[in-house]
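This report refers to the structure that appears directly beneath it.
Positions are given from 1 along the sequence.
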Amino acid sequence: TNQSKEFQNSPLKSVGLIGDGKDMRTYEFRELSGLRRGQYSNKYKSSCIRGLSFTSTKGLYVNVSELYLARASESKLFAKLAKRFEFLDSSIDILYNKGLRNCRWVLPNLNKLLTPHCLNGIDQYHGSELEENRTLARLRYTVEVGCSRVENWKLLSGKITYFNLRYANATWLYAHCHSNLMNPLRD
């Protein structure tokens, strides 16, 4: 089958893709204030570029965005990338982190978008929410390890210099393709 054994035995059998967004630090452009503001990442509180990637449940990259300045939110990048999900049957779910709440409407086939519960002003999760979050986090292992393979590329690790910034997008895309040539993350 197309799914790993862990997904087949989980309550999330309909998950077909797992997504994640990554911010990579860059040096700040002091003389170009518009560019500097566009690079600012609220997550890291510094200058970054951001990209989204989606893997199959076995760890093969299926869909990867280009890199954008980090000021663009994950939900806006997802909306820009949504047309690339036309191939998905409407019965296939997408697992993502908290950054994409309420973005199902941008998907061409209105696939279900599974995200962990947020605290939203409450002090602690209910028992069912806690268990569901634990299951989602365990199954997101695939995309996290896949992203670490990409981030280990020298040009993408550490702070990306002004000189190397022009190569970052090509390296990001190539690193994802190269990751697909490695052993699958799950059986």
(request) For residues 44-55, pull every pair meeting salt bridge (Lys or Arg N to Asp or Glu O under 4.0 Å), keeping only residues two or more places apart or in separate chains. (result) Asp23-Arg50

(request) Determine whether Phe54 and Phe87 fall in the same hydrophobic cluster, where Ile, Leu, Val, Met, Phe, Trp and Tyr are linked whenever their side-chain heavy atoms lie under 4.5 Å apart. (result) yes

(request) Kindly write out the residues that satisfy side-chain contact (heavy atoms from CB on, under 4.5 Å) with Ser47, not counting sequence neighbours, or none if the list is empty. (result) Thr26, Glu28, Gln39

(message) With rounding to the nearest 0.5 angstrom, report the CD1 to OG distance, Ile18 to Ser56.
(response) 7.5 Å

(request) Say whether Leu69 and Leu67 are linked into one hydrophobic cluster, either directly or through other cluster members, by side-chain heavy-atom distances under 4.5 angstrom. (result) yes

(request) For Tyr96 and Gly21, indicate whether the former's side chain and the latter's backbone hold a donor-acceptor pair under 3.5 Å. (result) yes

(message) Among residues at least two apart in sequence or on other chains, which ones pass side-chain contact (heavy atoms from CB on, under 4.5 Å) with Ser46?
(response) Arg25, Tyr44, Cys48

(message) With rounding to the nearest 0.5 angstrom, report the OG1 to CZ distance, Thr115 to Arg104.
(response) 12.0 Å

(request) Could you check if a side-chain atom of Leu156 sits within less than 4.5 angstrom of a side-chain atom of Lys22, using non-hydrogen atoms only? (result) no

(request) Following the transitive rule for hydrophobic clusters with a side-chain heavy-atom cut-off under 4.5 Å over Ile, Leu, Val, Met, Phe, Trp and Tyr, establish whether Leu181 and Val145 coincide in one cluster. (result) no

(request) Mind listing the closest non-hydrogen atom pair of Ile92 and Asn111 along with its distance? (result) O-ND2, 2.8 Å

(request) Report the distance from atom CG of Asn63 to atom CZ of Phe85, rounding to the nearest 0.5 Å. (result) 4.5 Å

(request) Any chance you could measure Ile160, atom CD1, to Ile49, atom CD1, to the nearest 0.5 Å? (result) 3.5 Å

(message) For a 4.5 angstrom cut-off between non-hydrogen side-chain atoms, does Leu88 reach Ile94?
(response) yes

(request) State, with a plain yes or no, whether a side-chain heavy atom of His178 is found less than 4.5 Å away from one of Trp153. (result) yes

(message) Please find the pair of heavy atoms, one from Ala175 and one from Val150, that lie closest to each other, and give the distance.
(response) CB-CG1, 3.8 Å

(message) In this structure, would Leu77 and Trp105 fall into the same cluster of hydrophobic residues linked by side-chain contacts under 4.5 Å?
(response) yes

(request) First locate atom CG of Leu17, then atom CG of Leu60, and finally report the distance between them rounded to the nearest 0.5 Å. (result) 11.0 Å

(request) Could you note down all residue pairs passing side-chain hydrogen bond (donor to acceptor under 3.5 Å, both in side chains) where residues 160-170 supplies at least one of them, sequence neighbours left out? (result) Thr161-Asn164

(request) Of all the heavy-atom pairs spanning Ser14 and Ser91, show the shortest one and how long it is. (result) CB-O, 3.8 Å

(request) Provide the full list of salt bridge (Lys or Arg N to Asp or Glu O under 4.0 Å) pairs with a residue in residues 79-89, sequence neighbours left out, each pair given once. (result) Glu66-Arg84

(request) Identify, with sequence neighbours excluded, every residue that meets side-chain contact (heavy atoms from CB on, under 4.5 Å) alongside Ser53. (result) Tyr61, Val64, Cys147, His176

(request) Working to the nearest 0.5 Å, report the span between SG of Cys103 and CG of Leu81. (result) 11.5 Å

